[in-house]
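Here is the structure we will look at, set down as structure tokens.
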Number of protein chains: 2
Amino acid sequence: MDRRQQKTRTAIFTAFSTLLAQKSYSKITVQEIIDTANVGRTTFYAHFETKDDLLKALCEELFGHIITSALDCTHTHGLYSDRNAPESVFCHLLQHLQENENNILGLLSCESSELFLRYFKDSLNDLTQNQFVNQNRRNNQNIPQDFLINHISGSFVEMVLWWLKDKKKHTPEELDCYFRAVIEPIL
Amino acid sequence: MDRRQQKTRTAIFTAFSTLLAQKSYSKITVQEIIDTANVGRTTFYAHFETKDDLLKALCEELFGHIITSALDCTHTHGLYSDRNAPESVFCHLLQHLQENENNILGLLSCESSELFLRYFKDSLNDLTQNQFVNQNRRNNQNIPQDFLINHISGSFVEMVLWWLKDKKKHTPEELDCYFRAVIEPIL
DNA sequence: ATAAAAAAGAACAATATGTTCGTTATCAAA
DNA sequence: TTTGATAACGAACATATTGTTCTTTTTTAT
């Protein structure tokens with residue numbers, strides 16, 4: 001691929017991320033993005049159809065490899081390796097988030113965090129579902145599998161939201177411990 | 001209060017709700033709202049500072065009494081009246097939602113449901129917190145109370161989101177049953 | 001070196017925003 | 001029922017954003 005394309009694409013992503021750290025998504029204009037990225041108006045629209053399109057692309061880039069990395073983890077460990085195992089996939093995810101690659105946490109902490117977390121939850125749903133079909137789980141009370149999957153990924157996302165609002169006063173390991181305590185009883 | 005004020009306020013709310021059923025919040029313009037409500041531009045800005053302000057006012061109106069009603073319920077029953085009791089506050093909430101007063105479910109089903117559910121969750125947090133301070137709960141594994149409160153209200157909100165996406169294939173009573181099954185083990 | 005592709009830059013119509021004015025209609029209270 | 005207050009109207013306004021179209025310049029891959 002042409003280096004110029006990659007360069008502007010990166011410039012736009014960076015500018016967008018910078019702006020997201022300053023103000024909410026809805027208040028960011030295309031004008032600001034291209035000013036910050038220092039690219040022409042035409043160039044922006046050659047890459048992305050709309051601002052929403054840009055957001056989607058950014059999410060795919062951000063959550064893409066964090067999820068695939070987690071998927072590798074489940075292939076070796078299972079959803080939770082063991083009831084008393086030291087780490088679960090969720091701990092892995094939290095650590096990955098905190099490592100701050102591409103400044104994901106910065107983005108998730110911004111005013112538009114919910115926006116990102118919806119994308120994140122979609123990915124988590126796939127991840128969790130994957131686990132359920134592979135493992136033949138006992139279903140203790142005729143709870144629909146859909147419900148359980150949604151409960152797990154939903155709770156995780158809400159936990160991350162809480163974690164960030166709370167200025168990350170807890171370590172990924174602590175959170176993992178709490179999360180397993182509230183999730184494992186129902187598996 | 002002047003009847004005229006009440007009348008335009010209602011007209012704007014109704015117009016806004018109608019539009020929300022058709023398109024996402026971000027794509028609705030003030031222009032459309034005043035056209036639909038059939039009020040002057042000046043009038044709109046006399047009532048609400050911005051579109052965001054309107055959304056906030058609508059949420060307060062919608063969730064205000066649904067929560068106070070639930071609060072009454074907790075005063076008599078407790079968070080869950082009893083492990084085997086037929087109804088919990090959450091069932092009450094779900095039924096209330098489904099009764100379709102002010103067409104809440106219609107709004108929650110729209111493209112901008114997350115927007116509303118964030119407001120809803122804030123109210124739920126207060127509700128849940130209220131319960132925790134009144135009842136002296138056993139805390140089985142040193143999980144922070146904040147975490148538990150957030151887990152409960154967060155899970156509930158995510159469940160409603162799932163319920164709506166799923167076209168409400170389940171009754172409030174079924175959902176309540178599932179929800180208690182995943183929440184009660186940790187209380 | 002050259003043809004293809006990408007970015008810049010300027011200009012465009014269309015639309016949305018929030019404000020200001022003077023005018024008209026409606027209300028509540030005497 | 002009159003009257004003073006106030007809410008709504010409507011038109012106009014400057015300002016800003018959007019998405020598109022054009023031509024010109026720069027950069028790339030081969």
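The chains referred to below are lettered A, B, ... by the order of the sequence lines, with proteins before strands, and numbering in each begins at 1. This one's a predicted model, so the numbers in the text were calculated from it and none came from an experiment.
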Grab the [atom1]-[atom2] distance between [X] and [N] for me, whole Å please.
X: B/Q6; N: C/dC27; atom1: CD; atom2: P; answer: 13 Å
X: B/D2; N: D/dG4; atom1: CG; atom2: P; answer: 18 Å
X: B/F48; N: C/dT17; atom1: CZ; atom2: P; answer: 15 Å
X: A/I34; N: D/dT17; atom1: CD1; atom2: P; answer: 10 Å
X: B/R3; N: C/dA25; atom1: CZ; atom2: C1'; answer: 14 Å
X: B/L54; N: C/dG18; atom1: CG; atom2: C1'; answer: 16 Å
X: B/K7; N: D/dA7; atom1: NZ; atom2: C1'; answer: 11 Å
X: B/I12; N: D/dC9; atom1: CD1; atom2: C1'; answer: 13 Å

query: For A/Y25, is the NZ or CZ atom of A/K51 found under 6.0 angstrom from the centre of its six-membered ring and inside 45 degrees of the ring axis?
result: yes

query: Through what angle, rounded to 10 degrees, does the axis of the helix from C/dA1-D/dT30 to C/dA30-D/dT1 turn between its ends, using five pairs per end?
result: 40°

query: Within less than 4.0 Å of OP1 or OP2 of D/dA7, is there a side-chain N or O belonging to B/T43?
result: no

- request: Check whether any side-chain nitrogen or oxygen of B/H47 sits under 4.0 Å from OP1 or OP2 of D/dA8, and answer yes or no.
  value: yes

Got a list of protein N/O to nucleotides 18-20 of chain D N/O distances below 3.5 Å?
from: D/dT18; atom 1: OP1; to: A/V30; atom 2: N; distance (Å): 3.3
from: D/dT18; atom 1: OP2; to: A/V30; atom 2: N; distance (Å): 3.2
from: D/dT18; atom 1: OP2; to: A/Q31; atom 2: N; distance (Å): 3.4
from: D/dG19; atom 1: OP2; to: A/Y45; atom 2: OH; distance (Å): 2.7
from: D/dG19; atom 1: N7; to: A/R41; atom 2: NE; distance (Å): 3.0
from: D/dG19; atom 1: N7; to: A/R41; atom 2: NH2; distance (Å): 3.4

Which heavy atom in [X] sits nearest to a heavy atom in [Y], and how many Å separate them?
X: A/E158; Y: B/N150; value: O-ND2, 3.2 Å
X: A/I12; Y: A/F48; value: CG2-CE1, 3.8 Å
X: A/I34; Y: A/F44; value: CG2-CB, 3.6 Å

message: Taking the ring of B/Y119 and the ring of B/F63, is the distance between their centroids below 6.0 Å?
response: no

message: Check this for me: A/E49, atom CD, are more than 12 non-hydrogen atoms of other residues, nucleotides or ligands nearer than 6.0 Å?
response: no

field: Parallel, tilted or perpendicular, as decided by the 30° and 60° cut-offs, for the rings of B/H92 and B/H96
entry: tilted

- request: Quick one: sort the B/F156 and B/F179 rings into parallel, tilted or perpendicular, breaks at 30° and 60°.
  value: perpendicular

- request: Could you tell me whether the side chain of A/S113 and the main chain of A/S109 form a donor-acceptor pair under 3.5 Å?
  value: no

query: Which part of the nucleic acid, if any, lies within contact of B/R4, taking any heavy atom under 4.0 Å across all strands shown: a base, the sugar-phosphate backbone alone, or nothing?
result: base

